[in-house]
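I have placed the structure first, in the form of structure tokens, so that the comments after it can refer back to it.
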Amino acid sequence: MITCDVKIARSFISDEDYITAHGKTTLGYKQVADKSGPGSEWLGWRDILADPNDAILEEIDSLAASIRKEADIFIVCGIGGSYLGAKAVIDALSSHFSSNGPEIIYAGHHMGGKYLQELLQYIQAPKADGSQKQVYLNVISKSGSTLETALSFRAIRKLMEEMYSDDASKHIICTTSEEGGILNQLIDAKGYRKFVIPNDIGGRFSVLTPVGLIPIAVAGIDIKALFYGAVAAYNRYEEDNEDIIEYTSLRNALHKAGKTIDVISCFEPELASFGGWIQQLMGESEGKEGKGIFPAVASFSTDLHSLGQFIQQGKRSLMETFLIVENSFSKIEVEELEGDDDKLNYLAGKSFHDINKKARLGTTEAHQDGNVPIINLTIDALNAENLGELIYFYELSTGVFVYSLGVNPFNQPGVEDYKKAMYRLLGKD
Ligand code: PA5
């Protein structure tokens, strides 16, 4: 379960400003709840939690089980909301150094030629015993035409057709809209297996649809626990939304007070990609009409040795959100060393988790002294259920906060500008 502690941030805001912000976010919440705001046709991410479809979870689990038996490599080919949610959950819940299933590789999220070339070489290279690698590919694109994804898909499927001839289509799974788009034409022509992204769910809100759930299940993560964690959060906030209102009110008041950057910080390196998912959710939803708080991601204590100086003493335009995991699975402790030649015996017997916690508390103290408003979001343990809750907490609070700014959270008109210029330079009709 998530606990949201806004005490420190609240001390930066006057009662009057808080009351004004509270009014705006209460209205924002109402726009989400009764689908009365702009972009309300994109609120399907709430409906799937209000009325869970176990059949689709079963179907994905069974597909994932068969891929996990067969595959050496599973490629997730997508960009933005089509891969960040899956990566967030997979990185958070998988081992850093070993895998209990296929190796998960991401593609289609940029146009770096070196990366693609090396990926194609890696796929083709035989295994240690000389046999061919079993590669499965999940291409994910709601529009079915995003250039980064389409280009990588073209190269990878060509190679897979060479490797597996007529069987190639059995190795390719497509996740896209019900109809329309070039990807749907390819699905019809080649007979690829297809999963649907519901029309009323936008990319960055789609992690709990087949978009995120297929890769997450292939990584061996319990998607039912993840999904039902989100359902539990949905039900809880439907009954009592005070945490959401408080959190979004604080962000609204801080936005008004000139805070233009939210540093989303965690002290667990496995949560860095989760920060990346939050960053995209907030960035594409908020940053419009000259408004919004720029979401930055920091992984502490690593980034205390890079961004820490700026956070402590740079321009005071920052707020900070700490993502905290209260209990750790790791029991590793500092051992007593005879002779104490590195002078670390004062920490002997302490767990790394406790030392890390002191680093967080020390950082909180220092940043508060440096006039940074801080919000603490805590989960008791890093598991699928809690991540599901956190996903819904962020989806809901993003919708409410952006409405409180008077902006449509669910479109991304600015993204088209780079595409138009790029396509003109590439000579596309
Ligand atoms: O959140 C969004 O809508 C975007 O980030 C999209 O997910 C991203 O642009 C990829 O689009 P598509 O799935 O159509 O390839």
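All ligand and atom numbering here is 1-based and tracks the order in the structure. Please read all numbers here as calculations on a predicted model, not as lab measurements.
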Kindly confirm or rule out an N or O of [X] lying under 3.5 angstrom from an N or O of ligand 1.
| X | answer |
| --- | --- |
| T149 | no |
| K142 | yes |
| G80 | no |

Checklist line | Side-chain H-bond candidate by donor/acceptor type, S95 with S98, under 3.5 Å | finding: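 The criterion, which ignores hydrogens and geometry beyond distance, is satisfied for S98 and S95.
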Note to self: Testing the 3.5 Å rule here: is there a donor-acceptor pair between the side chains of N252 and S404?
What the structure shows: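 S404 and N252 do have a side-chain donor-acceptor pair below 3.5 Å.
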Margin query: So if I apply the side chain to side chain donor-acceptor pair (under 3.5 Å) rule between E286 and each of R251, K291, H255, which one comes out positive?
Written below: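 Result: among R251, K291, H255, R251 is the only option passing the side chain to side chain donor-acceptor pair (under 3.5 Å) with E286.
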Next item on the list: Please verify whether a non-hydrogen atom of Q280 lies at under 4.0 Å from ligand 1.
Entry: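 Q280 counts as a contact of ligand 1 under the 4.0 Å cut-off.
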[X] heavy atoms, cut-off 4.0 Å: which ligand 1 atoms fall inside?
| X | answer |
| --- | --- |
| R204 | 1 (O), 2 (C), 3 (O) |
| S82 | 7 (O), 12 (P), 13 (O) |
| T146 | 11 (O), 12 (P), 14 (O), 15 (O) |
| S141 | 12 (P), 13 (O), 14 (O), 15 (O) |

Notebook entry, point to check: Is the distance between the ring centroids of Y115 and H109 under 6.0 Å?
Noted result: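 Between Y115 and H109, the centre distance is under 6.0 Å.
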Notebook entry, point to check: Hey, which of Y192, F74, Y136 is the one that makes ring-ring contact (aromatic ring centres under 6.0 Å, His included) with H171?
Noted result: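 So, applying the ring-ring contact (aromatic ring centres under 6.0 Å, His included) to H171 and each of Y192, F74, Y136, only Y136 qualifies.
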Notebook entry, point to check: More than 12 heavy atoms of other residues, nucleotides or ligands under 6.0 Å from NZ of K158: is that the case?
Noted result: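 Open: at most 12 neighbouring heavy atoms sit under 6.0 Å from NZ of K158.
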Check: Between S177, A150, G202, S143, which one has a non-hydrogen atom sitting closest to atom 14 (O) of ligand 1?
Finding: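 Checking each option, the heavy atom nearest atom 14 (O) of ligand 1 is found in S143.
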Notebook entry, point to check: Relative to the ring of F300, is the ring of H367 parallel (under 30°), tilted (30 to 60°) or perpendicular (over 60°)?
Noted result: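 Ring orientation of H367 relative to F300: perpendicular.
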Margin query: Under 4.0 Å between a side-chain nitrogen and a carboxylate oxygen: does that hold for D222 and K224?
Written below: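 Result for this pair is no, no salt bridge flagged.
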Considering only non-hydrogen protein atoms, determine which one is nearest to [atom] and report residue, atom name and distance to 0.1 Å.
| atom | value |
| --- | --- |
| atom 10 (C) of ligand 1 | I79 O, 3.3 Å |
| atom 2 (C) of ligand 1 | E284 OE1, 3.2 Å |
| atom 6 (C) of ligand 1 | G81 N, 3.9 Å |

